[in-house]
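Note sheet for the following structure.
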Amino acid sequence: MTVPAPAVHHVDHGGDGHVVVLLHAFPLDSGMFDRIVPLLTGAARVVTIDLPGLGRSPVPSQAPTMDAVAHAVTGVLDELDVERAVVLGISTGGYAALQLAAQAPGRVSALVLGSTTTRRIEPDVPNERREVADEVESSRSTEAVADSADEGVGDTAHRDQPELVEGLRRTISAADPDGVAWMARAIAARADTTTTLRDLDRPVVLLFGAEDEATPPERGEEMLAARGDRPTRLVVLGSTGHLTALESPQQVADVVGDLLRDLG
């Protein structure tokens, strides 16, 4: 029997051309894309999704897996009658984008993978994520992941855009502990997707921040090497940390715009 996809909240922001789906980082929600959405809608039809259990998406009844997360994204594409999309995933959103490419490569026209990795390593070591899930559930609080607000942005944004950190803190504080725990366990259960990245016959952009300590640009270099001769571009944004699309929205929008022009 086929397990139904988790229900998730999404917004179709409109626009013309290729569909661009934006997948956010943990333990945040699609609000991290509020600054970039208006920069993209002139060149694409933009869709944002609150990943399962986060933002306005309910906690799934399904077992916590990245496969379930990818099914949720496919469900949104089906609902919107979108055959295929450019998928931009930041951090955990990158895990989901890669799982979508593994699960349904025909639904992907290109990937933009930001501040992420194909490997089951830092900053999302499986045992540590399971411990976080247990702590969040037992405490009924998201305090265990509150540091993500400070760690999510680079030194430049801390200095020049302190309001970003305050906004992240509010998002994390308001998150549903059950949803945070569910997603933490889904992250812990993720598979290594190096082979998926290597074999995907679609354009890929690897997007990293020079100030990102959680997933430094070296992770992008590893992923670039895994791609071999597949069409791939590595972009490292200066003065930018982990949450590239939040910290440097115009630069990221320009990168996506270049990709869309290449797709034609």
Side-chain angles (χ1 to χ4, degrees), residues 2-11 19-33 47-80 82 84-108 111-121 123-126 128-130 132-133 136-137 142 145 148 171-172 175-197 200 204 215 243 245:
T2 302
V3 178
V8 289
H9 179 271
H10 68 274
V11 177
V19 176
V20 177
V21 175
L22 306 180
L23 305 179
H24 61 83
F26 171 86
L28 307 177
D29 59 31
S30 60
M32 68 165 280
F33 294 118
V47 177
T48 54
I49 298 174
D50 285 342
L51 295 179
L54 301 176
R56 286 168 285 182
S57 291
V59 181
S61 59
Q62 294 86 346
T65 64
M66 202 52 60
D67 201 50
V69 177
H71 271 301
V73 177
T74 304
V76 171
L77 296 180
D78 290 343
E79 183 176 339
L80 296 177
V82 171
R84 62 172 56 184
V86 175
V87 183
L88 182 155
I90 303 294
S91 191
T92 293
Y95 302 153
L98 281 163
Q99 189 60 37
L100 176 64
Q103 186 183 98
R107 308 303 294 269
V108 174
L111 291 181
V112 182
L113 302 173
S115 310
T116 196
T117 177
T118 60
R119 300 160 61 199
R120 302 175 76 227
I121 57 172
D124 292 308
V125 176
E128 293 176 2
R129 280 295 170 223
R130 283 188 281 267
V132 164
V136 167
E137 276 187 337
T142 59
V145 292
S148 300
T171 297
I172 295 169
D176 182 345
D178 290 330
V180 170
W182 189 96
M183 182 56 72
R185 293 194 174 102
I187 293 169
R190 75 192 187 280
D192 185 297
T193 52
T194 304
T195 300
T196 297
L197 179 66
L200 183 67
V204 172
T215 51
L243 299 177

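Worth knowing before you read on, the calculation uses all heavy atoms, side chains too, and leaves out hydrogens, waters and symmetry mates. Predicted model only: the values in this text are computed from it and were never measured. The chain is numbered in sequence order, starting from 1.
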So, for [X] and [Y], which heavy atoms are closest and what is the spacing to 0.1 Å?
{"X": "Ala184", "Y": "Ala133", "answer": "CB-CB, 4.0 Å"}
{"X": "Arg129", "Y": "Pro123", "answer": "NH2-O, 3.6 Å"}
{"X": "Ser30", "Y": "Ile49", "answer": "CB-O, 3.7 Å"}
{"X": "Thr117", "Y": "Leu98", "answer": "O-CD1, 4.4 Å"}
{"X": "Ala101", "Y": "Leu111", "answer": "CB-CD1, 4.2 Å"}
{"X": "Asp29", "Y": "Gly55", "answer": "CB-CA, 3.5 Å"}

With rounding to the nearest 0.5 angstrom, report the [atom1] to [atom2] distance, [X] to [Y].
{"X": "Arg190", "Y": "Gln99", "atom1": "CZ", "atom2": "CD", "value": "11.0 Å"}
{"X": "Asp192", "Y": "Thr118", "atom1": "CG", "atom2": "OG1", "value": "5.0 Å"}
{"X": "Tyr95", "Y": "Ile90", "atom1": "OH", "atom2": "CD1", "value": "12.5 Å"}
{"X": "Leu197", "Y": "Arg119", "atom1": "CG", "atom2": "CZ", "value": "12.5 Å"}
{"X": "Thr193", "Y": "Arg120", "atom1": "OG1", "atom2": "CZ", "value": "11.0 Å"}
{"X": "Leu100", "Y": "Thr74", "atom1": "CG", "atom2": "OG1", "value": "4.5 Å"}

Check your understanding: Given the rule in the side-chain contact (heavy atoms from CB on, under 4.5 Å) test, do Leu77 and Val21 qualify, once you have shown the distances and angles that lead to the verdict?
Key -> CA-CA 9 Å; Leu77 296 180; Val21 175; 3.9 Å; yes
Does any non-hydrogen side-chain atom of [Y] lie less than 4.5 Å from one of [X]?
{"X": "Gln62", "Y": "His71", "answer": "no"}
{"X": "Phe26", "Y": "Val145", "answer": "yes"}
{"X": "Met183", "Y": "Pro64", "answer": "no"}
{"X": "Thr92", "Y": "Val69", "answer": "no"}
{"X": "Ser57", "Y": "Leu51", "answer": "no"}
{"X": "Arg107", "Y": "Asp78", "answer": "yes"}
{"X": "Leu28", "Y": "Leu243", "answer": "yes"}
{"X": "Thr171", "Y": "Met32", "answer": "no"}

Review point. Val19 pairs by side-chain contact (heavy atoms from CB on, under 4.5 Å) with which of Leu80, Val47, Val86, Val87?
Key: Val47
Point to revise | Listed once per pair and sorted, the salt bridge (charged side-chain N to carboxylate O under 4.0 Å, His left out) pairs that draw on residues 50-64, sequence neighbours left out | key: Asp50-Arg56
